[in-house]
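Notes to accompany the following structure.
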Protein chains: 2
Amino acid sequence: MLESAISQGLRATGRRMTRTRKAVLALLERTHQPLSATDIYSQLQEEHIAIDLVTVYRTVNVLKELGLVAQLDLHHEGQSRYELKEGRTHHHHIRCQICGKIVDLLLCPLKKLTKLIEERTKFVVDDHTLEFSGFCPKCQ
Amino acid sequence: MLESAISQGLRATGRRMTRTRKAVLALLERTHQPLSATDIYSQLQEEHIAIDLVTVYRTVNVLKELGLVAQLDLHHEGQSRYELKEGRTHHHHIRCQICGKIVDLLLCPLKKLTKLIEERTKFVVDDHTLEFSGFCPKCQ
DNA sequence: ATGGTATTTGCAATAGAGTTGCAATAAGGT
DNA sequence: ACCTTATTGCAACTCTATTGCAAATACCAT
Ligand SMILES: [Mn+2]
Ligand SMILES: [Mn+2]
Ligand SMILES: [Zn+2]
Ligand SMILES: [Zn+2]
C-alpha cells in the first residue's frame, strides 16, 4: 500500500505520518486530475476532514521534497497543481482553455532534443516543462 | 522604426502613443533578455525615467493585446517576463538555475508532435509552452 | 496655437497565492 | 504512560498583479 511505503520515506528524513498527510495522500491517490492547494483544501472540507490551507501547502512541499509529488505550473493558471508520481513515469499535459480539463500525455518527446540543445547552448540541461492547451472534445 | 509602426497599431485600437509606452518599448527593444515588470520598472528608474509600476503592468498588457509582446511564465519564477516579438519567430528558452540567465532556443520542435497529440487526445491544440532549465557555461 | 474630450497615469487600496513565527497539539520511540 | 520533537492552526506577512478614481496628458477639431 502506498501509505506505508511513504511512512518509510517520511521516517527516513525524521518526519512523521500524520492524519493530515494521510488525508492529502489519499485524496491525491484517488483523484486523477492534478489538484491545486485550494482544490485539496476544499475537497477535504467537503469530506469533513479538518485541515488548514497552510497545512496543505506544507504537506505538498514535503511530498515534493520526498519526490512523491510533482508540481505543475500550468500557463496562465495563477496557481500550482500537484499530482502523485507513484508508478507513473515522467509525462506532460494538455489543458482545455474552456473547461479546464487536464489530460495526461503519456509520452515525452524531448530526449533527443535535449542533447541537441546541450550541444548548441553549452548548457547542461537539468529539467524541462512542456504543456499544451486547446479545446477538449466537449468544448470544441 | 518600431515606434511609429506601433503608433499605428495603437491608434487603430483607439489608443495613444505616450511617453511611458515609448520608454517601455525602447527598453524592450534594446534589451535581449526577457524582462519582468519589476525589471522594467527599476531599469527605467535608473535611467531617471519616471514611471509607476502599475503603468508598467498596464503597458505590457496593452502590448500583449496588440500582439507585440510575448509573456513568458517560466517555471519556478514567481513573476512573468516579457519580450518583444518584433521580427522574431516563435521560439523557446533555456534558463540557468544558478544565475538566472535566459537564452533563446531558436527552434520549435513541436509541429509534428502537435498533430500526434490531436489524434490521440481529440483535443484541438491551440498553444504550447516549452522551457528548459539547467546550468549555463559559467555556472557549471 | 488653443480648447475639448477621451485616454492614460499615479496613487492608494485591494486581491490572490504562498510563506513565516509561534504557541498549542500530536506522533511515536522509550 | 511519558517525553521529546515534529507538526498543526492561526494570524500576520510577502509578493505579484489588478482595480477605482481623480489628475494629467495625448491628440483631434477648430
Ligand atoms: Mn499527469
Ligand atoms: Mn526569447
Ligand atoms: Zn518531458
Ligand atoms: Zn513552440
Side-chain angles (χ1 to χ4, degrees), chain A residues 3-4 6-25 27 34-45 48-66 68-82 100, chain B residues 3-4 6-25 27 34-45 48-66 68-82 100:
Chain A
E3 187 185 309
S4 62
I6 287 174
S7 291
Q8 311 223 331
L10 286 168
R11 288 208 209 123
T13 56
R15 282 184 254 246
R16 296 168 185 180
M17 176 55 86
T18 64
R19 185 184 61 82
T20 54
R21 285 176 184 167
K22 279 179 195 163
V24 172
L25 275 166
L27 175 58
L35 299 178
S36 68
T38 52
D39 287 344
I40 295 170
Y41 175 71
S42 49
Q43 183 60 42
L44 292 180
Q45 291 288 103
H48 302 285
I49 296 169
I51 182 172
D52 195 84
L53 180 58
V54 77
T55 302
V56 173
Y57 279 110
R58 290 196 269 230
T59 300
V60 292
N61 283 331
V62 166
L63 296 177
K64 211 173 57 176
E65 280 171 35
L66 295 178
L68 299 169
V69 154
Q71 176 176 359
L72 319 181
D73 293 320
L74 301 188
H75 197 58
H76 287 176
E77 277 206 331
Q79 51 190 353
S80 294
R81 292 180 175 273
Y82 304 88
Chain B
E3 186 186 308
S4 62
I6 288 175
S7 290
Q8 313 224 330
L10 287 169
R11 286 210 209 120
T13 56
R15 284 184 253 246
R16 296 166 186 184
M17 176 55 87
T18 63
R19 186 184 61 80
T20 54
R21 284 175 184 168
K22 280 179 194 161
V24 172
L25 274 167
L27 175 59
L35 299 177
S36 68
T38 52
D39 288 342
I40 294 170
Y41 175 72
S42 48
Q43 183 60 42
L44 293 179
Q45 291 287 102
H48 302 286
I49 295 169
I51 182 173
D52 195 84
L53 180 58
V54 76
T55 302
V56 173
Y57 278 109
R58 290 197 268 229
T59 300
V60 292
N61 282 330
V62 166
L63 296 176
K64 211 174 56 176
E65 279 172 35
L66 295 177
L68 299 169
V69 153
Q71 176 176 357
L72 319 180
D73 294 319
L74 302 187
H75 198 57
H76 288 176
E77 278 205 332
Q79 50 190 353
S80 294
R81 292 180 174 273
Y82 304 88

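What you see below is based on every heavy atom in this structure, not just the backbone, and it leaves out hydrogens, waters and symmetry mates. First the proteins, then the strands, lettered A, B, ... as listed; each starts at 1. The structure displayed is predicted, hence computed values, not measured ones.
Among the heavy atoms of the strands lying under 4.0 Å from B/Asn61 are primed sugar atoms or P, OP1, OP2 only; no base atom is included.
At least one side-chain heavy atom of A/Ile49 sits less than 4.5 Å from a side-chain heavy atom of A/Arg19. Residues A/Leu74 and A/Arg81 form a side-chain contact, since some pair of their non-hydrogen atoms from C-beta on lies under 4.5 Å apart. The shortest side-chain heavy-atom distance between B/Ile51 and B/Val24 falls under the 4.5 Å cut-off. Annotation: side chain of B/Leu10 is in contact with side chain of B/Val62 (closest heavy-atom distance under 4.5 Å). Contact annotation: the side chain of A/Asn61 approaches that of A/Lys64 to within less than 4.5 Å [non-hydrogen atoms, C-beta and beyond]. At a threshold of 4.5 Å between non-hydrogen side-chain atoms, the residues B/Thr59 and B/Ile40 do not count as touching.
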Output a table of nitrogen or oxygen pairs between the protein and nucleotides 1-6 of chain D separated by less than 3.5 Å.
{"residue": "D/dT5", "atom": "O2", "partner": "A/Arg16", "partner atom": "NH1", "Å": "2.7"}
{"residue": "D/dT5", "atom": "O2", "partner": "A/Arg16", "partner atom": "NH2", "Å": "2.9"}
{"residue": "D/dA6", "atom": "O4'", "partner": "A/Arg16", "partner atom": "NE", "Å": "3.4"}
{"residue": "D/dA6", "atom": "O4'", "partner": "A/Arg16", "partner atom": "NH1", "Å": "3.4"}
{"residue": "D/dA6", "atom": "O4'", "partner": "A/Arg16", "partner atom": "NH2", "Å": "3.4"}

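The side chain of A/Arg11 contributes no N or O atom lying less than 4.0 Å from OP1 or OP2 of C/dA27. Note on B/Ser80: a side-chain N or O is less than 4.0 Å away from OP1 or OP2 of D/dA17. A sub-4.0 Å separation between OP1 or OP2 of D/dT16 and a side-chain N or O of B/Thr38 is absent.
Rounded to an integer number of Å, the gap from A/Leu10 CG to D/dT8 P is 10 Å. C/dG10 atom C1' lies 11 Å from atom CZ of B/Arg19, rounded to whole Å. Between the CD atom of B/Gln8 and the C1' atom of D/dA26 there is a distance of 17 Å, given to the nearest Å. We find that CD of A/Gln71 is positioned 14 Å from P of C/dA17, with the value rounded to whole Å. Rounded to whole angstrom, the span from the CD atom of A/Gln79 across to the P atom of C/dT19 amounts to 13 Å. The separation between A/Ile40 atom CD1 and C/dA17 atom P is 14 Å, rounded to whole Å. Put simply, CZ on B/Arg81 is 13 Å from C1' on D/dT16, counting in whole angstrom units. Computed from coordinates, the A/Asp39 CG to C/dA17 P distance equals 10 Å when rounded to whole Å.
With the end axes of the helix from C/dA1-D/dT30 to C/dT30-D/dA1 each set by five pairs, the angle from one to the other reads 30° at 10° resolution.
The two residues B/Tyr82 and B/Val69 have their closest heavy-atom pair at CB-CG1, 3.8 Å. Residues A/Val56 and A/Ala37 approach most closely at CG1-O, 3.6 Å, considering heavy atoms.
With rounding to the nearest 0.5 Å, the separation of CD in B/Gln43 from OG in B/Ser36 is 11.0 Å. Considering CZ of B/Arg58 and CZ of B/Arg21, their distance stands at 10.0 Å, rounded to 0.5 Å. How far CG of A/Leu25 is from CE of A/Met17: 5.5 Å, rounded to the nearest 0.5 Å.
A donor and an acceptor atom, one from each side chain of B/Arg15 and B/Thr13, are located under 3.5 Å apart.
The stretch residues 49-59 of chain A touches DNA chain C through A/Val54, A/Tyr57, A/Arg58, each having a heavy atom within less than 4.0 Å of the strand.
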